[in-house]
Amino acid sequence: MHDYRLFWRAVRNSFRTTGAIVPSGRWLSRALARFVAEPSDLPRRILEAGPGTGAATRHIAAVLGPGDHLDLVEVNEEFVRRLRERLQTDPPMAAAAERIRILHCRIEDLPRDDRYDLIVSGLPLNNFSVAEVDTILRGFGELARPDAVLSFFEYIAIRRLKAAVAGRAERERLGGIGRRLEGLLAGREIRRETVWLNVPPAWVHHVQLEGAAQRPPHKP
Ligand SMILES: C[S@@+](CC[C@H](N)C(=O)[O-])C[C@H]1O[C@@H](n2cnc3c(N)ncnc32)[C@H](O)[C@@H]1O
């Protein structure tokens with residue numbers, strides 16, 4: 001209940017960045033952690049963008065391999081506090097606490113120092129401007145190791161439903177985001193899951209990213 005209250009407060013203060021009225025449910029969280037749960041012989045670096053109160057994070061933490069590291073990037077200060085608390089008290093997160101880092105910043109501002117094998121995103125892309133979505137998707141590409149997998153969700157048919165009642169400018173924004181996401185998925189989506197048991201029901205997209213073989217040049 002505590003997490004639901006936190007979410008409600010965030011929705012009231014900043015619906016645009018919160019983007020959901022309740023934390024992701026168990027089935028959606030499990031689907032988001034799908035590729036983290038795949039066995040790996042090598043240690044992996046995993047990024048979760050927009051972990052919120054940690055709904056998906058605890059499922060990711062539960063399936064981390066012994067050499068894996070998880071970075072959580074969250075912009076909302078209250079959610080960051082809650083994540084810190086959960087790192088001490090929530091059993092799957094506490095068990096992996098030494099390998100989990102919480103970074104209080106926007107994903108757009110995350111330094112490109114590390115590359116990730118897996119990126120899980122809870123960001124509400126459908127609430128952002130097309131330019132913001134472009135920046136975020138470009139950032140994921142820069143943060144990804146070659147052949148990294150990006151897993152993210154969107155509520156089923158949400159753009160179409162919103163567009164049906166929206167004015168022209170909003171329809172154009174939603175159309176622009178739809179085209180960006182189609183471009184991301186085209187030829188790269190390796191699995192799509194439909195999660196009916198969530199409020200609201202959601203699609204989880206798993207996408208193979210090209211990734212960056214090398215670090216970008218250092219800017220003085
Ligand atoms: C839809 S909620 C998802 C929360 C959680 N992953 C879940 O599934 O319950 C979106 C989250 O993304 C965070 N967020 C929004 N914009 C962000 C940004 N630019 N950088 C980092 N986090 C962001 C919000 O604060 C919120 O916690």
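Numbering of ligands and ligand atoms starts at 1, following listing order.
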| query | Can N126 and Y155 be counted as having a side-chain donor-acceptor contact under 3.5 angstrom? | reply | no
| field | Side-chain ion pair, E132 and R106, N-O less than 4.0 Å | value | no
| remark: ligand 1 atoms nearer than 4.0 angstrom to some heavy atom of A20 are 1 (C)
| query | Which residue holds the protein heavy atom closest to atom 22 (N) of ligand 1, what is that atom called, and what is the gap in Å? | reply | V75 N, 3.5 Å
| query | How close does the nearest protein non-hydrogen atom get to atom 20 (N) of ligand 1, and which residue and atom is it? | reply | I107 N, 2.9 Å
| field | Neighbour count above 12 (heavy atom, 6.0 Å) for R26 CZ | value | no
| query | Between E108 and T135, does any side-chain donor sit less than 3.5 Å from a side-chain acceptor? | reply | no
| field | Protein contact to atom 17 (C) of ligand 1 [nearest heavy atom, distance to 0.1 Å] | value | L123 CD2, 3.5 Å
| request: Can you pull out the closest protein heavy atom to atom 3 (C) of ligand 1? Residue, atom name and distance to 0.1 Å, please. | output: G122 O, 3.4 Å
| query | How far is atom 24 (C) of ligand 1 from its nearest protein heavy atom, and which residue and atom name does that atom have? | reply | T17 O, 3.2 Å
| query | Would you call E182 and R179 a salt bridge, using N to O less than 4.0 angstrom? | reply | no
| note | Heavy-atom proximity to atom 6 (N) of ligand 1 ranks first, among G50, A49, G139, A202, for G50
| query | Transitive ILVMFWY cluster of W203 at side-chain heavy atoms under 4.5 Å: who else is in it? | reply | I156, W196
| request: Using distance alone, determine whether E74 and ligand 1 share an N or O pair under 3.5 Å. | output: yes
| message | Give me the residue, atom name and distance of the protein heavy atom closest to atom 19 (N) of ligand 1. | response | E108 OE1, 2.9 Å
| task | Using a strict 4.0 Å threshold on nitrogen-to-oxygen distance, state whether R34 and E38 make a salt bridge. | result | no
| query | Hey, which atoms in ligand 1 end up nearer than 4.0 Å to a heavy atom of T18? | reply | 1 (C), 2 (S), 10 (C)
| query | What residue and atom, counting heavy atoms only, is the protein's closest point to atom 16 (N) of ligand 1, and at what distance? | reply | F128 CZ, 3.6 Å
| Mind checking whether P51 has a heavy atom under 4.0 Å from ligand 1? | yes
| said: If you measure every N or O of A55 against every N or O of ligand 1, does any of those distances drop under 3.5 Å? | reply: no
| field | Partners meeting side chain to side chain contact (heavy atoms under 4.5 Å, CB included) with P91 (sequence neighbours left out) | value | none
| Do ligand 1 and G19 have nitrogen or oxygen atoms that lie under 3.5 Å from each other? | no
| Does R5 make a cation-pi contact with W8, if we ask for NZ or CZ under 6.0 Å from the ring centre and within 45° of the axis? | no
| field | Close approach of P124 to ligand 1, heavy atoms, under 4.0 angstrom | value | yes
| task | Look at ligand 1 and say whether S14 reaches it with a heavy atom at a distance under 4.0 Å. | result | no
| query | Can R45 and D117 be counted as an ion pair, charged N to O under 4.0 angstrom? | reply | no
| query | Backbone or side chain, does any N or O of S24 fall under 3.5 Å from an N or O of ligand 1? | reply | yes
| remark: Checking heavy atoms under 4.0 Å, the part of A10 that sits near ligand 1 is neither
